[in-house]
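A quick note: this is a predicted structure, and the numbers were derived from the prediction, not measured. Residue indices begin at 1 and follow the sequence shown.
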Amino acid sequence: MSGMKYKIGFAHAIRRWDEGLALGNGQTGCLIWGGPDELRFSLDRTDIWDTSVPYGTEDKEFSYENLVRLAKRRDTGKIREIFDAAYERPTPTKLPAGKIILRFPGYGDAASRLELGGAEAILALKVDGGGTQADTKREIEVRSVVHAAREIGMILVELPSEQFIVELQAPAFGRAGVFTGSGERAADIMETNGDGSVARVENREVSEEQLSKGTLRDIIYEAPEWKRTLLTDGSYLKYFRQKTNSETAYGVVMGVKARERRTELFYRVVTTADGGEVFEKAAADMIECMDAGYETLLASHRAWWESFWAMSSVELPDKGMEKNWYMANYLLASCSRKGYAPMPLQGVWTADEDRLPPWKGDYHNDLNTQMSYYSYLKANHVEQGVCFVNFLWDRRAAAAEFAERFYGTEGICLPAVMTIEGKPLGGWPMYSLSPTNQIWLCRAFDDYYRYTGDEQFLRERLYPYFQGTAECIGGLLEEGRDGCLYLPISSSPEIHDDEAQAFLTPNSNYDLALLHYLYRTLEKYAEKLSGKRTDLENKWREMRRKLPPLAVDGRGVLKVSADETLQESHRHFSHALAIHPLRLVPYDSEENRRIIDAVIADLEELGSSRWVGFSFCWMAELYAIAHRGEQAGRMLRAFWKYFCSPNGFHLNGDYQEKGYSDFHYRPFTLEANMCAADALQEMLLYTEDGVIEPFPAVPGEWLEKRTAFDRLRGEGGILVSALAERGRLLKFVLYAPKECSR
């Protein structure tokens with residue numbers, strides 16, 4: 001349980017939200033940052049969305065038939081006007097929940113640390129030289145968790161309530177009513193009447209220019225309703241209720257209780273989508289928590305995390321890489337959990353800068369959602385990742401509606417850029433509306449079955465989901481003069497951005513790889529389910545045989561399409577999808593090795609100038625497949641050192657400007673954190689098609705020193721432990737699989 005020992009620390013106050021201490025329980029998240037003058041607890045919840053109808057997506061022009069027509073005319077302007085415009089609007093979007101702010105007069109700085117083992121943030125606030133309170137301690141402690149087993153957050157402050165200020169703030173939306181003040185000294189609450197003060201202002205018109213800025217004030221809502229209740233023991237409750245434009249409301253319920261020389265705060269983020277009297281139930285829950293107390297509730301929280309860390313472990317000579325593997329798994333457990341919505345781009349952590357979250361915090365299905373759930377199975381954290389498969393399964397109705405309305409087909413297909421409900425958000429249509437991204441989503445079902453061996457899942461979910469996808473895709477394929485099947489338009493994320501040349505000669509290697517994978521998988525499982533060859537299996541085989549082969553140039557490099565090779569550095573290795581993650585080209589024959597080695601060499605030659613963080617992780621995956629452990633390790637070290645915030649968040653760009661990429665921005669997304677963990681796991685354990693190999697791609701020096709892993713998951717649900725030292729494999733143990741729940 002090495003994860004229990006790790007922590008991240010800051011010697012001084014954290015001044016950026018994307019470097020904050022991250023807490024979460026799969027549904028609710030909290031980022032702690034700021035100094036004693038404004039110590040912020042920025043709150044979020046995965047399923048808080050404005051789900052307004054995306055602009056223009058229900059118009060007749062918003063159709064695949066029209067996209068094909070305009071693409072063949074190379075009418076980029078009209079394409080942007082019809083298909084990209086919706087994404088420029090502020091809604092639909094993921095919404096922040098609000099924040100709790102604590103202000104400590106007389107304190108000037110704050111050291112802090114996050115204990116990964118118990119998922120607890122601990123801050124030491126230091127008095128400044130000009131402190132005015134005679135009884136002010138030289139240093140006080142603030143502790144906080146988001147409870148792992150309950151839908152609450154907790155804060156403990158080692159000060160009496162009258163010595164600091166508590167504020168609960170709603171998001172700063174533009175609206176007809178603006179709440180003008182919510183802060184008070186915790187002790188002063190007894191002298192108020194319990195009503196929140198609200199100042200009314202006139203409605204304002206919002207221009208097209210304002211709508212595209214992406215700030216919270218571009219979203220127009222009514223002012224939140226506030227309520228404050230004093231309890232008989234002097235503790236109090238306070239909450240706001242924010243209505244949205246989606247016939248839902250959400251808010252934060254907070255309870256504050258003084259205990260001798262300390263104060264305890266409890267909070268819960270709620271939404272009316274939960275059903276029933278959610279605010280009243282949350283208030284009752286806060287009272288129960290205040291009665292129990294921080295330390296009592298902390299015990300069950302710690303027990304949950306101890307159990308989580310016991311599921312698997314790694315031990316590496318490179319302690320930095322070891323720590324970052326645990327950090328990735330910490331983030332996974334904090335932002336993804338069975339029973340909740342899967343992580344969107346930023347998981348459960350909001351961008352606290354009065355702006356919309358990067359890329360609206362949406363579900364991007366042309367890499368981001370898939371990559372976010374690469375690592376959980378091999379890490380043996382099935383409970384943390386199965387929510388993604390369940391989410392996709394539960395969105396079949398939305399996928400069927402979209403397939404019929406947009407593509408004009410039967411079957412299922414989700415938009416590649418979508419809301420939590422599975423509605424299209426718009427965006428560059430070459431990718432946001434590419435049907436083959438749905439096949440990549442199918443891979444999540446295949447991975448789950450391969451790593452659990454759940455035969456009921458294969459029959460009742462995997463095969464029907466693949467079959468529904470094939471119905472949609474089959475309705476789009478056209479037979480060419482050569483007798484092969486082609487899509488009417490094709491692309492390769494995100495080659496040529498949204499320019500006319502982004503529509504490649506059908507079929508791109510990206511589309512082809514996914515099409516081959518779809519029909520090969522259906523063929524394989526049709527035979528497995530029936531126990532014999534069937535007409536259905538023959539149908540899938542015939543579809544696969546009518547697909548063109550992958551396009552390879554004279555050097556053995558996978559091309560972007562039949563008549564185009566990758567000419568410059570690019571962040572998305574979409575042309576190489578057949579190698580990873582689809583594994584259509586395994587490293588098992590002379591020809592396949594030639595192709596994989598050539599692709600790697602080509603990417604090396606083109607360089608990393610236009611890469612982002614996930615590109616380095618993807619490259620590490622390719623190196624691991626080619627058994628090149630030194631290079632894989634180098635990619636991961638570069639990623640963790642130069643593309644991650646001090647708190648572990650992937651920030652996409654080379655924001656420290658160390659020369660690894662020309663992208664110097666820092667928008668936070670999570671997919672690369674999970675891909676990096678997966679790449680490390682691939683270095684430690686190969687498990688494909690019944691073959692299990694420990695340490696297939698680790699640096700040579702690791703085998704001389706102590707390198708080990710315990711209970712990583714292999715195909716069929718087998719758990720594997722291994723230890724190497726002094727150049728020898730000293731331990732290799734297989735554990736029988738256990739049944740996995742869905």
Side-chain angles (χ1 to χ4, degrees), residues 53-54 57-69 71 83 363 365-366 389-419 421-425 429-446 457-480 484-491 506-507 511-526 529-530 534-547:
V53 176
T57 59
E58 295 190 341
D59 295 348
K60 289 184 178 180
E61 287 186 313
F62 194 88
S63 71
Y64 189 66
E65 180 182 18
N66 194 33
L67 178 61
V68 171
R69 181 176 62 84
F83 299 99
Y363 291 97
N365 298 326
D366 69 346
V389 175
N390 291 342
F391 174 79
L392 296 175
W393 181 254
D394 292 341
R395 297 300 179 278
R396 284 171 299 141
E401 178 187 350
F402 187 66
E404 179 181 9
R405 182 168 55 83
F406 183 77
Y407 294 109
T409 69
E410 297 181 348
I412 59 174
C413 189
L414 287 168
V417 178
M418 69 182 196
T419 72
E421 295 179 330
K423 303 290 186 181
L425 271 168
M430 306 80 172
Y431 325 113
S432 69
L433 297 169
S434 170
T436 56
N437 290 307
Q438 171 68 20
I439 304 173
W440 197 351
L441 291 177
C442 289
R443 178 75 183 187
F445 288 78
D446 192 14
F457 179 85
L458 170 63
R459 290 190 306 272
E460 297 180 0
R461 292 202 175 183
L462 185 158
Y463 194 81
Y465 198 82
F466 268 78
Q467 193 168 22
T469 299
E471 285 185 72
C472 175
I473 299 298
L476 300 175
L477 293 172
E478 302 170 346
E479 189 168 309
C484 292
L485 296 174
Y486 297 91
L487 290 164
I489 53 175
S490 191
S491 63
N507 288 315
D511 287 341
L512 264 178
L514 287 163
L515 291 167
H516 277 284
Y517 168 74
L518 173 66
Y519 293 120
R520 187 186 76 165
T521 306
L522 280 164
E523 178 186 346
K524 176 176 67 174
Y525 289 137
L529 287 170
S530 66
T534 63
D535 291 341
L536 193 55
E537 180 191 352
N538 291 333
K539 172 187 175 181
W540 305 133
R541 183 183 303 106
E542 183 61 23
M543 294 290 286
R544 181 167 59 86
R545 286 176 176 173
K546 294 182 73 172
L547 295 172

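- Side-chain contact between F457 and V389 is present, with heavy atoms from C-beta onward closer than 4.5 Å.
- For the pair M418/L425, no side-chain contact is recorded, criterion being any heavy-atom separation below 4.5 Å from C-beta on.
- At a threshold of 4.5 Å between non-hydrogen side-chain atoms, the residues M543 and L522 do not count as touching.
- Residues P415 and F406 fail the side-chain proximity criterion, which asks for heavy atoms closer than 4.5 Å.
- Counting only heavy atoms from C-beta outward, the side chains of L514 and W440 approach each other to under 4.5 Å.
- Judged by distance alone, the side chain of N437 and the main-chain N or O of S432 form no donor-acceptor pair under 3.5 Å.
- Panel note: side chain N507, backbone L485; a donor-acceptor pair is recorded below 3.5 Å.
- Without hydrogens or angle criteria, N66 side chain to E61 main chain gives a donor-acceptor distance under 3.5 Å.
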Exercise for the section: Kindly indicate, with the supporting measurements, whether the criterion salt bridge (charged side-chain N to carboxylate O under 4.0 Å, His left out) is fulfilled by E401 and K423. Expected result: CA-CA 10 Å; E401 178 187 350; K423 303 290 186 181; 3.4 Å; yes

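- Using modelled atom types, one side-chain atom of R396 and one backbone atom of W393 make a donor-acceptor pair closer than 3.5 Å.
- Annotation: side chain of L433 is in contact with side chain of F402 (closest heavy-atom distance under 4.5 Å).
- Side-chain atoms of S434 and D511, non-hydrogen and from C-beta on, do get closer than 4.5 Å to each other.
- When atom types are taken as modelled, the side chain of E478 and the backbone of Y486 share no donor-acceptor pair closer than 3.5 angstrom.
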